[in-house]
Number of protein chains: 2
Amino acid sequence: MKRSSQTFDYSQETIDLAKFAKALSHPARIIILKHLSNQSCCFTGDLLEVLPLAQSTISQHLKELKEAGLIEGEVNPPKVKYCIHQENWKKAQKEFQTLFKEDFRKIKCC
Amino acid sequence: MKRSSQTFDYSQETIDLAKFAKALSHPARIIILKHLSNQSCCFTGDLLEVLPLAQSTISQHLKELKEAGLIEGEVNPPKVKYCIHQENWKKAQKEFQTLFKEDFRKIKCC
DNA sequence: TTTATTAATCGTATATTTGCGATGAACAAT
DNA sequence: ATTGTTCATCGCAAATATACGATTAATAAA
């Protein structure tokens, strides 16, 4: 598969936004983020009661959220405490805001 | 592949948000949406100058955005005019806002 | 030292996404 | 009727995502 779009020069903002959106693109990960938003913090195990998924699957979702920068984990064996990565969370919030606020209604159409 | 999470009872809001996020999860689609936001409307062909992708690929991305409800196309053969689906666009905006506004900072952590 | 607890990672299977060229459909212009 | 324009769809290949069980790693408790 040729991947021309991956070498194309998308702006960093566009890449970041797509990355954040991808992290939010699965219901389980939204549940996790909502849970963290409400609870402030939680352990991986707590999520086993919230989601109908295997431990390994939840761990994978957490990894993706971590790689997207939306959460961070504090290792405290044998537990790991996760919470929202506040700085990046605000960054994501701002980038989504920017996308949606563009006033396309300047010129009426359709 | 077992897909337990797909039969699980996620809330409609969660499903909708994940769907919108998935639509936004590719840089090309973000470019398209930004273009539509600024231009109000455009034809498929216009995007060929904006994106380094084949016509068929762009058409596919447009289809996904349409299926996610974020854009709509007015067929006017041989051209098709695309624009933001304002109602759903606002709905998406609101749902992202809701996600991010949850004040997880109530309890300080990490 | 052995056992229990917690969570990450590995290996594997399947589904979905992304991309392209080729083709087809709809209409305008000739 | 033929040709040109525009765009969607089909068929394929490759990459990525999703899910699970099994295993491993790190530590506490016994």
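Lettering of chains follows the sequences in order, A, B, ..., and the numbering in each one begins at 1. Computed from a predicted structure; not experimentally measured.
As a whole-Å value, the separation of A/Ile71 CD1 from C/dA7 P is 12 Å. Per the geometry, NE2 belonging to B/His26 stands 18 Å off P belonging to C/dT16, to the nearest Å. Between the C1' atom of D/dT18 and the NZ atom of A/Lys63 lies a distance of 13 Å, rounded to the nearest Å. Nucleotide D/dT18 holds its C1' atom 15 Å from the CD atom of A/Glu67, rounded to whole Å. Rounded to an integer number of Å, the gap from B/Ile30 CD1 to C/dT18 P is 12 Å. Rounded to whole Å, the distance from CD1 on A/Ile31 to P on D/dT18 is 15 Å. Distance, A/His61 NE2 to C/dA7 P: 16 Å, rounded to whole Å. For A/Lys22 and D/dA15, the NZ to P distance is 15 Å, given to the nearest whole Å.
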(request) Scan nucleotides 1-8 of chain D nucleotide by nucleotide, 5' to 3', and note B when protein non-hydrogen atoms come under 4.0 Å of the base, S if they reach only the sugar-phosphate, - if neither. (result) ----BBBB

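Under the side-chain hydrogen bond (donor to acceptor under 3.5 Å, both in side chains) criterion, A/Gln60 pairs with no residue, sequence neighbours left out. The side-chain hydrogen bond (donor to acceptor under 3.5 Å, both in side chains) search around A/Ser11 returns A/Thr14, not counting sequence neighbours. Every residue two or more places apart in sequence or in another chain that forms a salt bridge (Lys or Arg N to Asp or Glu O under 4.0 Å) with A/Lys91 is listed here: A/Asp16. Listed by chain and residue number, nothing satisfies the side-chain hydrogen bond (donor to acceptor under 3.5 Å, both in side chains) test with A/His35 (two or more places apart in sequence, or in another chain). Partners of B/Lys94 according to the salt bridge (Lys or Arg N to Asp or Glu O under 4.0 Å) rule, which considers only residues two or more places apart in sequence or in another chain, do not exist here.
The phosphate of C/dC20 (OP1 or OP2) has a side-chain N or O of B/Thr57 nearer than 4.0 angstrom.
Proximity note for A/Ala54 (side chain, C-beta onward) versus D/dG21, D/dT9, C/dT17: the nearest is D/dG21.
Although no hydrogens or angles enter the test, the distance criterion places a donor-acceptor pair under 3.5 Å between the side chain of B/Arg29 and the main chain of B/Lys22.
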